[in-house]
Amino acid sequence: MPTHLTHWGAFEAETDGRSLTSVRPWSGDPDPRDIIHNVASAQHHPTRVLRPAVRLGWLENGPGSGSGRGTEPFVEVSWERAIDLVSGELGRVYAEHGPSAVYGGSYGWASAGRFHHAQSQIHRFLNSLGGYVAGWSDYSFGASGILLPHVVGNAGAIMAGATSWDVIGRTTDLFLSFGGLSEKNSGINSGGIGRNPARDAIRRSVARGCRFIDISPLADDTYAEAKAEWIAPLPGSDAALMLALAFVLDAEDLADRAFLSTHCVGFDQFLPYLRGTVDGVPKNPSWAERLTTVPADRIVRLAREMAASRTMINLSWSLQRQQHGEQPIWLGVTLAAMLGQIGLPGGGFQHGYGATAEMGLPKRVTSAPSFPQGRNAETSGIPVARIVDMLLTPGREIDFDGRRITLPKIELIYWAGGNPFHHHQDLARLRRAFTKPATVVVHEQFWTSTARHADIVLPATMTMERDDYGAGRNDPAFFPMPALTEPAGEARDDYAIFSALAEKLGRGESFSEGRDVRGWLRHLYDGWRNRLAERDIEVVDFDTFWSSENISIPIVDKDQVLFSEFRRDPGASPLPTASGKIEIYSSTIAGFGYDDCPGHPVWIAPDEWLGSSGAHQLHLIANQPRTRLHSQLDIGDTSQKAKVAGREPLRMHPEDATARGLSDGDVVRLHNERGSCLAGLVVSDAVRRGVVQLSAGAWYDPDPDDPSFCRHGNPNVLTADRPASSLSQATTAQHALVEVEKWLGDVPEVTVTTRPPTLLGASP
């Protein structure tokens with residue numbers, strides 16, 4: 001059976017040439033995931049975009065008529081007409097406004113393939129026209145991606161250099177996870193994953209006597225094999241708990257003062273705050289108990305256990321997707337520095353075990369070949385999570401990582417690869433913002449919420465409908481990915497679409513360089529192979545690779561330990577920070593003068609949490625789903641089987657359900673001052689009391705009369721579009737306060753999983 005790669009694993013397929021008739025996980029993966037079964041069931045779903053389509057109001061009235069986005073029907077047109085319309089509008093905008101008026105939206109998860117990587121395709125195309133307004137950072141890692149370079153250096157290098165699972169399996173005594181060690185997330189990797197090693201390493205660790213402690217509002221957000229102790233502080237209070245642990249390490253002389261003096265800077269500036277001499281508030285366990293509800297004596301014992309063990313402190317990415325999300329990450333690094341185990345096998349810290357499959361895979365000698373994006377000549381950009389601010393308030397200045405940036409005025413949004421109506425917050429506000437540009441163009445496989453809010457929708461192929469190759473970040477398995485079926489309907493791959501547009505706009509040669517897809521695959525592979533040969537590393541030729549199941553990219557050190565060289569000699573192997581050391585106090589950040597992110601880590605209470613006096617009495621955790629990647633293939637079998645009454649499942653503690661007169665299977669309404677949504681109730685004691693959990697990724701299905709009401713269960717109608725801080729301007733989509741009640745009226749139909757109104761064959 002042919003093998004193909006996705007972000008959530010490789011699969012073996014049966015195909016009749018038109019469709020995938022079935023898929024099964026690749027036999028080489030010891031720990032495959034069920035979401036692989038979304039693929040075949042989604043390929044020919046009724047929501048598949050089969051022909052180019054133009055919103056009726058835009059087709060009749062031209063650019064600028066954005067009020068009908070999300071409500072008006074579409075008119076199907078020929079590819080020739082679609083290319084003429086898009087190229088004409090691109091030509092107009094670049095001529096009249098320049099590249100500073102074009103936002104090139106993409107989120108990078110559209111395909112595991114490295115050539116048909118939508119982000120590379122759209123950015124190369126727009127760069128060939130003169131550039132585009134870029135979105136800086138990302139939604140997954142936004143706060144940390146800005147903070148960590150100041151504290152420990154390049155965030156990508158930290159992830160790629162994570163202590164390997166093999167080393168953890170042999171050496172770690174205490175694995176302490178703040179925010180969970182998610183089984184579902186660790187089965188997913190940007191660019192794909194061949195073999196998932198985490199579960200086996202956890203089993204070996206437990207058999208050797210390693211203890212796992214999970215600090216999270218969700219008891220089951222970790223591997224069952226870890227047999228983890230569950231500590232459940234109030235959501236949003238992790239920084240307070242960490243400060244109290246640091247207080248005990250300091251007060252009981254358990255901190256490694258030598259390591260702090262030789263490998264760190266700023267601990268002396270942090271201590272007065274920790275001890276309370278600057279504000280009269282010692283950050284002791286009694287103080288933390290009032291904020292977190294974790295008993296003070298358990299905090300004391302935990303600090304002692306950490307100091308007495310080879311301890312790995314794991315910091316989930318979810319910790320930083322909240323207001324002041326930089327603080328628990330900075331404090332986690334500070335705790336690890338106080339223990340003095342950074343750079344030792346099995347000790348120290350990592351930001352993201354359980355976040356993606358790459359974490360704990362040893363570094364490869366090089367990444368797989370990919371499509372070059374070219375140079376963006378446009379210098380303006382925005383932190384990616386500030387897109388609504390940009391569209392609603394162009395010209396406004398905001399802080400960002402020590403700079404003042406001006407939000408540009410956008411005339412045209414061009415989106416390929418991604419669904420902003422999945423990952424952004426306060427969707428009613430996003431919908432209002434999407435009425436502002438003159439034109440929105442989207443490449444899509446399905447009629448997602450983003451496609452329905454576009455003016456021109458161009459049907460894109462799915463990964464199995466085109467030739468490509470792929471290897472995920474840090475994954476040594478490099479897979480050829482020949483097309484398994486013909487394209488659905490009239491779908492074309494992004495490269496074909498952009499090549500046609502570039503030719504129409506007189507940029508054909510600069511975009512395509514005269515190569516077709518197979519020509520590019522061979523060209524990029526041969527160049528990659530030659531570069532490896534210069535390092536005396538041999539890999540097979542392209543034809544041999546293309547006919548293989550996969551080949552292996554060599555790894556550097558299977559026993560890699562994060563910061564081991566820095567630990568051995570910080571002078572010879574400094575970190576890429578301002579001081580070359582771990583910065584517990586950053587004079588750079590302090591110099592920015594941000595009240596919401598000072599020069600050392602602190603506790604700042606979020607605006608919305610159960611410790612505040614807000615009117616809503618339940619804390620919503622809007623985490624990643626188990627049954628799909630983000631919102632991808634929500635119409636697939638695995639995702640649909642998890643729905644309750646056709647809605648996204650909401651989990652609630654039994655006592656909270658009883659107090660509200662709710663039962664398992666009820667359709668319920670979540671609401672706050674920003675919006676409301678329906679969900680199907682699942683009563684579970686794996687959720688902390690006072691907390692409800694509703695995963696992100698249900699396709700946004702707004703009520704026609706009220707865009708703040710989602711009938712399908714997208715939690716981002718409830719989350720606030722506020723930045724984590726002035727430093728990062730990152731998303732805070734993980735948390736919100738809500739109330740939940742039983743839905744008593746007729747249950748409205750979910751329409752987003754059906755085809756939108758389309759005028760077949762019409763072409764005014």
Side-chain angles (χ1 to χ4, degrees), residues 137 141-163 239 242-243 245-246 249-250 255-275 277-278 283 313 315 320 324-344 347-352 399-403 560-603 724-728 730:
S137 192
F141 201 69
S144 296
I146 301 303
L147 171 76
L148 288 177
H150 295 293
V151 177
V152 284
N154 180 274
I158 293 165
M159 290 187 283
T163 299
M242 293 176 178
L243 281 165
L245 292 169
L249 294 177
D250 173 56
D256 188 332
R257 311 285 174 178
F259 184 85
L260 289 167
S261 65
T262 56
H263 291 73
C264 307
V265 297
F267 186 66
D268 288 344
Q269 287 98 324
F270 170 67
L271 266 183
Y273 172 77
L274 182 68
R275 293 173 176 174
T277 56
V278 296
K283 313 308 179 293
I313 296 175
L315 307 166
Q320 46 90 59
H324 315 303
E326 298 86 357
Q327 304 310 314
I329 306 308
W330 203 346
L331 281 163
V333 174
T334 300
L335 279 174
M338 292 178 73
L339 293 175
Q341 298 178 20
I342 294 174
L344 293 178
F349 78 95
Q350 184 47 243
H351 190 14
D399 290 302
F400 177 60
D401 197 19
R403 293 175 281 165
Q560 77 179 22
V561 173
L562 182 66
F563 293 155
S564 58
E565 294 181 2
F566 167 70
R567 181 184 183 88
R568 280 192 294 270
D569 191 339
S573 301
L575 300 180
T577 61
S579 64
K581 298 182 179 183
I582 298 167
E583 301 213 352
I584 296 172
Y585 175 89
S586 167
S587 57
T588 302
I589 293 177
F592 297 158
Y594 300 147
D595 292 339
D596 55 0
C597 191
H600 61 72
V602 296
W603 158 254
S725 75
S726 303
L727 177 75
S728 69

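Bear in mind the structure is a predicted one, so any value in this text is a computation, not a measurement.
- Shown here for I589 and G599, the closest heavy-atom pair between the two residues is CG2-CA, 4.4 Å.
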Intermediate values then yes/no, side chain to side chain contact (heavy atoms under 4.5 Å, CB included), V151 and T577
CA-CA 7 Å; V151 177; T577 61; 6.0 Å; no
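- Using a 4.0 Å cut-off between a side-chain N of Lys or Arg and a carboxylate O of Asp or Glu, R257 and D250 qualify as a salt bridge.
- For the atom pair CD of Q320 and CG of L148, the computed distance is 8.5 Å after rounding to the nearest 0.5 Å.
- At a cut-off of 3.5 Å, with distance as the only test, a side-chain donor of H351 or S144 sits close to an acceptor on the other residue.
- Here the CG-OG1 distance, from L249 to T334, works out to 11.5 Å after rounding to the nearest 0.5 Å.
- Looking only at distances, no side-chain donor or acceptor of S725 sits under 3.5 Å from a matching main-chain atom of D596.
- At least one donor-acceptor pair under 3.5 Å links the side chain of Q560 to the backbone N or O of A160.
- Within the 4.5 Å cutoff, the side chain of L727 has heavy atoms near those of the E326 side chain.
- Closest non-hydrogen pair, F141 versus A155, comes out as CE2-CB, 3.4 Å.
- With contacts defined as side-chain heavy-atom distances shorter than 4.5 Å, the pair L339/D256 does not qualify.
- Between F349 and L335, every side-chain heavy-atom pair lies at or beyond the 4.5 Å cut-off.
- For the atom pair CH2 of W330 and CD1 of I582, the computed distance is 13.0 Å after rounding to the nearest 0.5 Å.
- Within the 4.5 Å cutoff, no side-chain heavy atoms of L331 are placed close to those of W603.
- Side-chain atoms of K581 come within 3.5 Å of backbone atoms of T262 as a donor-acceptor pair (strictly under, hydrogens ignored).
- Looking at every heavy atom in both residues, A143 comes nearest to G325 through CB-C, 4.5 Å.
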Carefully, step by step, assess F400 and I146 under the rule side chain to side chain contact (heavy atoms under 4.5 Å, CB included).
CA-CA 9 Å; F400 177 60; I146 301 303; 3.7 Å; yes
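- Judged by distance alone, the side chain of S564 and the main-chain N or O of V561 form a donor-acceptor pair under 3.5 Å.
- A 6.0 Å sphere centred on CG of D569 holds more than 12 heavy atoms belonging to other residues, nucleotides or ligands.
- With hydrogens and angles disregarded, a donor-acceptor distance shorter than 3.5 Å links the side chain of H263 to the backbone of R567.
- Listed here is the closest heavy atom pair of M242 and G332: SD-N, 3.7 Å.
- Taking each heavy atom of A578 and T588 in turn, the nearest pair found is CB-OG1, 4.0 Å.
- Nearest heavy-atom pair across G153 and P576 is CA-CG, 3.7 Å.
- The shortest distance between side-chain heavy atoms of Y273 and L243 falls below 4.5 Å.
- Residue Q350 holds its CD atom at 8.5 Å from CE of M159, rounded to the nearest 0.5 Å.
- Using a 4.5 Å cut-off on side-chain heavy atoms (C-beta onward), I342 and L562 make no contact.
- At least one side-chain heavy atom of F270 sits less than 4.5 Å from a side-chain heavy atom of P601.
- D399 contributes atom CG, which lies 11.0 Å from atom CZ of R403 (distance to the nearest 0.5 angstrom).
- Remark: I584 CD1 to L260 CG distance equals 5.0 Å, nearest 0.5 Å.
- In this structure, the side chains of D268 and Y585 stay at 4.5 Å or more apart for every pair of heavy atoms.
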